[in-house]
Amino acid sequence: VSNNNTTTILEAAKYIPAAPILLPEGPWEQIPGGVTAAKGFKAAGMYGGLRAKGEKPDLALVTCDVDAVAAGVFTLNVVAAAPVLYCRNVLDISKTARAVLVNAGQANAATGDLGYQDVIECASAVAKLLQLRPEEVLIESTGVIGQRIKKDALLKSLPSLIKLLSSTTEGADAAAVAITTTDLVCKSVAVETEVGGTKIRVGGMAKGSGMIHPNMA
Amino acid sequence: TMLGVVTTDALVTSDVWRKMVKTAVNRSFNQITVDGDSSTNDTVIALASGISGSTAISSLDSFEATQLQACLDAVMQGLAKSIAWDGEGATCLIEVSVTGANNEADAAKVARSVAASSLVKAAVYGRDPNWGRIACGAGYAGVPFSQNELRIALGDILLMDGGQPLPFDRNAASDYLKGAGETHGTVEIHISIGNGQGRGQAWGCDLSYDYVKINAEYTT
């Protein structure tokens, strides 16, 4: 990771503190790293000009070096946002994925056909830059409901975002900050355990502070 | 809105992974609540690279699947609790544990009903050990149980047993709530609704004036 990228990644993680993670007891050990702790994953987060105010990072990307077995669980709200409809359709036809692009700022919900078109364009742009098929790219959005995403700003940021991809903890932390909206802390955790005598890692990041009563399936 | 991205390097087949993820979400993200609003965007994406070289998991019944499920549950619960902990305007995390139900799903339903109650959330913010509101939240969960078997404790302070309210040290109970609020800690509500084996948890936060202020300003 070149020097200025490191600076950018480190900047991203300084915006908000990390949440205390209350892990249940079990045969696992908490390790640093979030989504990049498991082998094969990279992440990045940067400010792409999507947020209404401030320059907190608002664009995150998580990639896998190989075809990752993919699962998705989505809101049962019948007014489902465009990225939810898109991901459900993609995971209906594909068992694997290679990347997840997440934007904050606009939720791209209640945005009709134009909002769905925006998702397709963003997924295709990421796929092209990563030399993947569009259906290998999944999309998550969060932010103000009813507004389409600031697509031009997002598309313009993608080359820099991809350059920032890193398998380090800093990459995971930057991504965890970039997906936040009204959160006061960023949420990221990773654990290491043994499965069948082999060490494996499970990591993750999440966001959420308001409009929280998940009912997903 | 809540969003999640979970990654692992375990080797697991697609259909097993999808079932595992759904189970873990039901034990974590689907058990949190801040304001009762189910978002248009709630999503969890979970990716398994398989690069660890672990034993391939192709059946939910295998020991390896049990190990991976437990670890996946833990990671998702850790993230889900941090969302409830960070609920808008929250001063503390509320953890509701229910035992004695007929099954896990019933226990989870009662737990989330109590955690989602605005009156329970406001009582916690007012540092009021209001056992009646907790009992009420359990009662309208849609899970049948005999109220004579209802037992409620706040931390280790027993408020109700056998459906009967008990004399308890109100100041100590209120101080327990105050202490959690001052440290952004966790208020534990323990509820038993019978003698069944079903147990479940839900997480929420207290309801403060700031929740209204934040959402009155976060406009379209």
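Lettering follows sequence order; numbering is per chain, from 1. The figures that follow rest on heavy atoms only: side chains count, while hydrogens, waters and symmetry mates do not.
Closest heavy-atom contact between L23(A) and G78(B): CD2-CA, 4.3 Å. Counting all heavy atoms, side chain and backbone alike, E88(B) lies closest to T182(A) at OE2-OG1, 2.6 Å.
Within 6.0 Å of CZ in F63(B) there are 12 or fewer heavy atoms belonging to other residues, nucleotides or ligands. Atom CZ of R199(B) has 12 or fewer heavy atoms from other residues, nucleotides or ligands within 6.0 Å.
Heavy atoms of L91(A) lying under 4.5 Å from chain B belong to its backbone as well as its side chain. Interface residue V25(B): only side-chain heavy atoms are found under 4.5 Å from chain A. Within the 4.5 angstrom heavy-atom criterion, only side-chain atoms of A116(B), from C-beta onward, approach chain A. When heavy atoms are compared at a cutoff of 4.5 Å, F29(B) approaches chain A by way of both its backbone and its side chain. Only the backbone of S188(A) comes within contact range of chain B, with at least one heavy atom under 4.5 Å from a heavy atom of that chain. Of the two parts of F41(A), only the side chain, counted from C-beta on, holds a non-hydrogen atom closer than 4.5 Å to a non-hydrogen atom of chain B. Proximity to chain B (any heavy atom under 4.5 Å) is restricted, for V62(A), to the side chain, taken from C-beta onward. If you measure heavy-atom distances from V66(A) to chain B, the contacts under 4.5 Å come from the side chain alone. Heavy-atom distances place no part of V78(A) under 4.5 Å from chain B, backbone and side chain included. Of the two parts of P20(A), the backbone and the side chain both hold a non-hydrogen atom closer than 4.5 Å to a non-hydrogen atom of chain B. Both the backbone and the side chain of V35(A) come within contact range of chain B, judged by heavy atoms closer than 4.5 Å. Using a 4.5 Å cut-off between heavy atoms, T63(A) does not touch chain B at all. For T66(B), no part sits under 4.5 Å from any heavy atom of chain A, backbone or side chain. For L93(B), the part sitting under 4.5 Å from any heavy atom of chain A is the side chain, from C-beta outward, and nothing else.
Rounding to the nearest 0.5 Å places OG of S49(B) at 11.5 Å from CZ of R201(A). Between the CD1 atom of I179(A) and the CE atom of M2(B) there is a distance of 8.5 Å, given to the nearest 0.5 Å. Interatomic distance, CG of N30(B) versus CG of N215(A), reported as 6.0 Å (0.5 Å rounding). From I145(A), atom CD1 reaches atom CG of D37(B) across 9.0 Å, with rounding to the nearest 0.5 Å. Taking CG from L11(B) and OG1 from T198(A), the interatomic distance works out to 10.0 Å, rounded to the nearest 0.5 Å. Considering OG1 of T96(A) and CG of L47(B), their distance stands at 9.5 Å, rounded to 0.5 Å.
No other option in I51(B), L79(B), D73(B), I57(B) has as many heavy-atom pairs under 4.5 Å with chain A as L79(B). The candidate with the highest count of non-hydrogen atom pairs below 4.5 Å against chain A, out of K19(B), R112(B), Q77(B), Q31(B), is R112(B). The most heavy-atom pairs under 4.5 Å with chain B, out of A190(A), G197(A), G196(A), G40(A), come from G196(A). Most heavy-atom pairs under 4.5 Å with chain B: of the set P214(A), G26(A), A68(A), this distinction falls to P214(A). Ranking G72(A), A109(A), G203(A), A60(A) against chain B, the residue ahead of the rest is G203(A), based on heavy-atom pairs under 4.5 Å. Ranked by heavy-atom pairs shorter than 4.5 Å toward chain A, the options S52(B), A10(B), S38(B), S54(B) are led by S38(B). When each of T43(B), I32(B), V21(B), T13(B) is scored by its heavy-atom pairs under 4.5 Å with chain A, the top score falls to T43(B). Contact count versus chain B (heavy atoms, under 4.5 Å) is highest, among A80(A), A97(A), A38(A), A110(A), for A38(A). Note on T55(B), D42(B), V75(B), T186(B): by heavy-atom pairs under 4.5 Å with chain A, the leading option is D42(B). Comparing S209(A), A217(A), P27(A), A81(A) by how many heavy-atom pairs each has under 4.5 Å with chain B, the most go to S209(A). Heavy-atom pairs under 4.5 Å with chain B peak, among C87(A), A19(A), P24(A), at P24(A).
Distance alone, capped at 3.5 Å, places no donor-acceptor pair between the K187(A) side chain and the K81(B) backbone. Proximity of a side-chain donor or acceptor of R18(B) to a complementary backbone N or O of A70(A) within less than 3.5 Å is detected. A donor-acceptor contact shorter than 3.5 Å links the side chain of D86(B) to the backbone of L184(A).
Residues V191(A) and C71(B) are in side-chain contact: their nearest non-hydrogen atoms beyond the backbone lie under 4.5 Å apart. The shortest side-chain heavy-atom distance between T8(B) and I200(A) falls under the 4.5 Å cut-off.
Residue S141(A) is tested with T40(B), L3(B), N41(B) for a side chain to side chain contact (heavy atoms under 4.5 Å, CB included); the sole match is N41(B). Screening M211(A), H213(A), M216(A) against S39(B) for a side chain to side chain contact (heavy atoms under 4.5 Å, CB included) leaves a single residue, M211(A).
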